[in-house]
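Read the structure below first, then the notes.
Order of appearance sets the numbers: ligands from 1, and atoms from 1 within every ligand. Only heavy atoms go into these numbers, but all of them, side chains included; no hydrogens, no water, no symmetry mates.
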Amino acid sequence: MDGVFDVIVVGGGAIGATSAWRLAQTGRRVLLLDRGQLGSEASSAAAGMLGAQLEVSEPGAFYHLCLESRSLYQDFVDELLEATGVDAQLTHNGIFQLAYSEEEVRTLQTRMRWQLDAGANAEWLDAGTVAEQEPVVSPCLGALLLPDDSNVNALLLMRALSIAAHRFCSVVEGAQVTDIQPQPGGGYSVLTPTGHYVAQAVVVTAGAWAQALLRPFATPCTIRPVKGQLLAIRPRRGRGIRRTLFSEDVYLVPKRDGTIVVGATEERDAGFNRDVTIDALMTLLSSVHRMAPGLKDAVFERSWMGLRPGSPQGQPWIGEVDGAPGLHVAVGHFRNGILLSPITGLMVAHSVCHEPWPTRWQPFHVARVHRRNEVSLG
Ligand code: GLY
């Protein structure tokens, strides 16, 4: 055996590294295992949008979870800066959701109304105001401005989380977990090809790779990779964008280094394929050309891909698994792993420390969802 810990966290993306760091802050001895390098998968592929209002199409618990996590972000990145010296470049520049058809106008205005009713900030801007504020954009029918949605540099966030994890936890990279075995006296043995580790508690935060690890346990989790391809462009001087621009086809996220991240495909049948394809890049670039023709002379910088941990509703399962004391999950964050990292870290810490969850988090509890599904099947 290669080590005994209080908690082993399996998967070192933003969710896993945040959870490991929060658990270490409770005084526990934490081991963080990653099959590659910390953050080398979906987390550093992300465009870094913190679209709490953008990404949710109806009121409810998930909307509030997203808002709660967004509200934690400034303190989260400040604490990381203090602990690691790395600034994740949280930028409060808001998001424009652009409408190009009457149907999109109706959908966005409906969204604006329920979000205003729920107490959030949202504003409808007419076409002229959009053109004035973002001159590179093609004529549209108006835009929903979500001023409190923001963005972070996902690469820098991951660098900060990686430093924090290395400083406060034990970390083993290049350790692909092959099995999690319950021990006769309680706790779990976590197996990798190069060693095995034992802890009373295990937290599975393995992103798109979580499903295979959870198969032996009774969970409701069905996680499938959803491939996203992205690219970065550098606009000519004076032709940038101020806010994140989002349309049905494409989104553009301005970064502090002057580049714009363009995302993203959503490929549900690509499995674990890692190719960056001409087809996908052409689709994204044609969409940029249509939505923001003022960027047509921008310089292409690079392209990449990531595998989102897809879940049927796009919502995570978090907490201790039914019938498996000490086994916890934080999986299925789909498009919102970066946004939901701060709140998920808290939820995991509460779960492992057996501190009660507030009611508002309950709809995401893995055991509760499991029992609800069992009842409806029965
Ligand atoms: N968070 C946006 C995306 O997954 O494309």
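Checking only distances, Asn336 never comes within under 3.5 Å of ligand 1, N or O to N or O.
Close contacts of ligand 1 with Glu55, meaning ligand atoms under 4.0 Å from a residue heavy atom, involve 1 (N), 2 (C). Every atom of ligand 1 is numbered from 1 in the order shown, and the set under 4.0 Å from a heavy atom of Tyr251 is 2 (C), 3 (C), 5 (O).
Among residues two or more places apart in sequence or in another chain, the side-chain hydrogen bond (donor to acceptor under 3.5 Å, both in side chains) test is passed with Arg360 by Glu68. Every residue two or more places apart in sequence or in another chain that forms a side chain to side chain contact (heavy atoms under 4.5 Å, CB included) with Arg224 is listed here: Asp269.
Ring centroid separation for the pair Phe364 and Trp357 does not come in under the 6.0 Å cut-off. Aromatic pair His350/Trp361: centroids less than 6.0 angstrom apart.
In this structure, atom 4 (O) of ligand 1 lies nearest to the protein heavy atom Arg308 NE, 2.7 Å. Closest to atom 1 (N) of ligand 1 among all protein heavy atoms lies Arg335 O, 2.7 Å.
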*Would you check, one step at a time, whether the test salt bridge (Lys or Arg N to Asp or Glu O under 4.0 Å) holds for Glu41 with Arg35?*
CA-CA 10 Å; Glu41 297 290 350; Arg35 56 197 297 281; 3.5 Å; yes

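Not a single heavy atom of Glu266 sits under 4.0 Å from any atom of ligand 1.
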